[in-house]
Every structure is written in structure tokens, then in C-alpha cells.
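Heads up: the structure comes next, in C-alpha cells.
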Amino acid sequence: MMSSETTILNYQALLNERKLCAAECPSCKTLMLPPRLFCTKCHKRGTRWKVLSGRGKIRSFTVIHIAATTHAADAPFVVVVVRLKEGPSITARLIGVNPLKPEDIKVGASVVADFEEASGPTSDQPDMRLVFRPYLVHK
Amino acid sequence: MINVSVVGAGQTKFGRHPEYDLRELFSIAALGAIDEAGIAPEDVEAAFIGNLSSDRFNDQCHIAPMMVDFAGMKGIPATKCEAACASSATALRAAILALESGLYDIVLAAGVEKMSDLPTPGVIETLAKAADNTFEATPGITFPGIFAVLAVAHMHKYGTTREQLAAVAVKNHANAVHNPLAQYQKEITLEKALSSRMVAWPLGLFDCSPISDGAAAVILVRTKDARKYTDAPVKIIASTQASDTMNLCDRDSLSTLYAAKTAAQKAYKQAKLEPRDIDFAEVHDCFTIAEIIATEDLGFFKPGQGGPAVEQGLTRIGAEKTINTSGGLKAKGHPVGATGISQLRELYLQLRNEAGKRQVPDADVGLAHNVGGTGASCAIHICQRW
């Protein structure tokens, strides 16, 4: 998968292998997440996958209390925008925190990527979805 | 400079309209505008109609021909414009460009949305589709959730408080008391606003605009012809639009909307005006935080000062910078595709001294700020008294 085209479909396939990857421009080394086929800076094609560490910091967050029908069973849950160590930023769920204590969730706090089976219709091989959990130093 | 003027405006009451079909709502607004311009439906040469999602809300695609036919304008070119909650401001821009091209002399710009046909969870799901479905709606973020993320970032950066957010709701409800077409014509207290049930932390129910049905329409002509239709046309002197990334995560800042700032800078340049020249504005307060950010993006207050400004009453009618005389999306209602034209109608009323008890004294210049989706679209119009 690592040599595959940097499409959204392949991004999901890599998540299914528990790898969080960004698209990297072969020319100017710009990292793009969500992935893109063309570099946002120099517009060149031929971007390649780069595996990210999954480490990052919370830029902002919310706790969804009233969810869309498709996510209602999970509410309340936390959604974070995370700035990854390598530079790009991504939106995902934050697990391992109490959604009823939002005051304990801090902008700037360290988090680490994890993967969990996406809820919804079951199939033989359910998609994995990216989540974050607090990064604990003593772990 | 734009050389187009408004010579008629119409709007349905905003709110729940189980008694009316989408086309009926449209026809009430469109014929209201046509009557006021003193023309007949047959005189309209083209129509641009804003609508977010008739396909999901009402199980109906390709609505523009259906709308104009039902309102007596069968045969004219009729085009739907979609930019999420900024749909009808982009319809307005399309109408302005059509007039500026010289192809037409009389154009209708309108917006219509009937959201209440779907039960609330379906509405939440539909609105969430105006965010990036793959990367942001799929983790479960909702529209209130998008603006809650902006609120948390704004609070973190500037110390903005929930009380300041609530002050937006209290002010806009107070203004809507004097707007007979508003969904809620009822004041609320700060305590009530703060104690409402949580939707997406830190936004409670009273931080959110409601689910609404409604339509709004205007008749536009070139400014040199405007006095043929009315003694008090309202000039549109700027019309701009900008875009941004769909994803919040792709943005450098989460406490401002780049598309709004860009469209505003271009609008001021087009109108040869500064933010201080704007007497009043209708801004896109889909959520309370959005009004605070809007007043900063438009240059009315410095970044971080939007919260204190509303708390200190600086945005009340007749104060330093009057914001949302109509009651805003919060209290007037937000039938998403109709909102942009409804904002323009408020400018039209104010600049003709027809706004009744919510009239801004000595208002010569008004601005309308209409945001689409996550802020990925923003269209701005500036109007001037004749």
C-alpha cells in the first residue's frame, strides 16, 4: 500500500493497516493531510505516502451532545482538531476522556493516534477509523 | 463599483410552515417583490434561486423551473445556486453579474428552503453534509460542532466567555421582537440563554439558529433605470465572494474565517469604503460565536474584541455598530437557502426607513455577510441609500 497513489481510497486502506499517512510532495516535501493528488504549494503530481508518528497537540475540540442519526448512539463524544508533530492537521474523535467534563480537555494537550473499528453497518472487514487518545508521559 | 439597485423585496414569515409546499413559499416571496417593484411576473427576464438541499429536505431536485412556473414566470431562464447557507447571496451575485453583463434589464434573485419536512435528526444530518463528509462529518461532527470548535479556539486565544456568546442571543431576540416576519418575536434572558440544553459544547440550544422554513426575493435592475420603478431604490455598491478549505483542519486559524475576511477586504475596496463607514450590518449568526467572529472579520472590532463589544452593548440598535436589526439568523430564523436574500431585504427596509421600531437612525450604508457551510464560502454585499 505504501507505494500506492495518494488517493482518499488508499488513505483509508492504510488506516485499515493501522497506519496514519500523509501525502508528501516529492519535489518540495510539503505534507498534506487529508491527502491530495497535487501538491498545494508547487502543484506537482506524484505525491507519495509518508507514515506519520501519530503524535500531536489539540488545536481545538467540541463535545457533540446532539448527533446526526448515524452517530446518535455514540453521543456524547469528543471531536478534536489535532496538529500533528510533522505539521499537518486532522479532525477525529478523542477517546479516553470524559465527554461530560470538557473543562478537563485542554487546547495544547498532547494526544496520540489510535485506530478503532468504525461503527455502522457490519461487514466482513469493517473499516478502521482514526481516533486520538491522551498521550500520557508515564506510559 | 457595482451599478445595480434593489427596487422590490418580499419575504414570507420565517418559521415552521407545514401548510405550504416549497413552491408556495417561493411564490409568496417572489410575488411580494414583484408587486413592490410595480412590475408583472412577465417582466422578469431571469431568476437565480438559492437553495441548499431541496433534494434531501423535500425529495425534490431541479427546483428552479418549478419555482418560476408556479409564480407566473414560466419560460424564463431559472437557475438554482448552492453554497450551503450562503446559497442565496451567491444567487444575488449571479443576478448582479447577469445585469452587469447587459443581457437582462430586470432580474429576480431569491432563496427558499423548507427544512421542517424532515425530522430533526435528518436536518442535522443534511446540514452536516455541508462540511467535508469524508474527513469531518464522518468522525461525527455536526454543524453546531463545527462552530463549537471555532468557539473553543476563540475562547482559548482571546478569553471569550459563554456569557458573551449568550449576549448575542439576548440582543438578537430583543431585535426580533420588532420584526413581524421573524420566527421568534420574544425576548430571552441571559440566564435562560446560558441554561439551555447542551448541543455541542460550549454551544447550547440558545447559541444555535433554529430549523426554519421560508423564502425571500428581490427585484434587481441597473441603477440608472432604478427610479423608473420606485422613488427610493437601494443601491448595491459592492458584491464579493470568496472561498476557503472545506475542512477546519486545513486552516491556519480556527478563530477567524478567511473567506469572510477576504470577501470583506474586496467589498470595502469595491465600494471605496472603510469598516467605520458601515452604519449597520446583517451578519451570519448561525451560531452566537459566528456573530462575534463576523464583527471581527468585517473589521468592526479588533480580533478578540467581538465578545466584549456585544457584552457592552456596542452592537445594539443605534449603538457604535448596529448588528442584526432583523433578529439575525438566531431569532429571525434561518431557512438556509433564503437567508442571504432575507439579509438583503433587511438592508433594503432600513435604507428606505421602513424598518419600523427596529429602524437604525440615520443609516446610509449597510452590509450583509452571508457564510456558507464551515465558512468555505462567504459572500458580502454593501448597500447604500439612494
Given the side-chain rings of Phe135(B) and Tyr11(A), with only the six-membered ring counted for Trp, is the space between their centroids under 6.0 Å? yes

Quick check on the interface: out of [options], who has the most heavy-atom pairs with chain B under 4.5 Å?
{"options": "Val80(A), Val107(A), Thr40(A), Ile8(A)", "value": "Val107(A)"}
{"options": "Gly108(A), Ala92(A), Ser89(A)", "value": "Ser89(A)"}
{"options": "Ala72(A), Ala68(A), Ser60(A)", "value": "Ser60(A)"}
{"options": "Val131(A), Val82(A), Ile90(A)", "value": "Ile90(A)"}

Can you tell which part of [X] gets under 4.5 Å to a heavy atom of chain A, answering side chain, backbone, both or neither?
{"X": "Ala151(B)", "result": "neither"}
{"X": "Asp132(B)", "result": "neither"}
{"X": "Thr138(B)", "result": "backbone"}
{"X": "Arg251(B)", "result": "backbone"}
{"X": "Ala153(B)", "result": "both"}

For Phe115(A), is the NZ or CZ atom of Arg129(A) found under 6.0 angstrom from the centre of its six-membered ring and inside 45 degrees of the ring axis? no

Between Asp250(B) and Arg36(A), does any side-chain N to carboxylate O distance fall below 4.0 Å? yes

Please determine whether a side-chain nitrogen of the Lys or Arg among Asp114(A) and Arg18(A) lies less than 4.0 Å from a carboxylate oxygen of the Asp or Glu. yes

Nearest heavy-atom pair of Asp285(B) and Gly327(B): which atoms, and what distance? OD2-O, 4.2 Å

Closest heavy-atom contact between Leu94(A) and Ile105(A)? CD2-CG2, 4.1 Å

From the list Thr142(B), Leu248(B), Ile146(B), the residue making the most non-hydrogen contacts under 4.5 Å with chain A is Thr142(B)

Which of the residues Ala137(B), Pro202(B), Gly145(B) is involved in the greatest number of heavy-atom pairs with chain A at under 4.5 angstrom? Gly145(B)

Select one option (side chain, backbone, both, neither) describing which atoms of Val81(A) are under 4.5 Å from chain B's heavy atoms. side chain

By a 4.5 Å heavy-atom criterion (distance strictly below it), what part of Leu33(A) contacts chain B: side chain, backbone, both, or neither? backbone

Would you compute the distance between atom CG of Leu127(B) and atom SG of Cys286(B) and round it to the nearest 0.5 angstrom? 10.0 Å

CG on Leu84(A) to NZ on Lys57(A), rounded to 0.5 Å: 12.5 Å

What class does the angle between the rings of Phe61(A) and Trp201(B) fall in, given that below 30° is parallel, 30 to 60° is tilted and above 60° is perpendicular? parallel

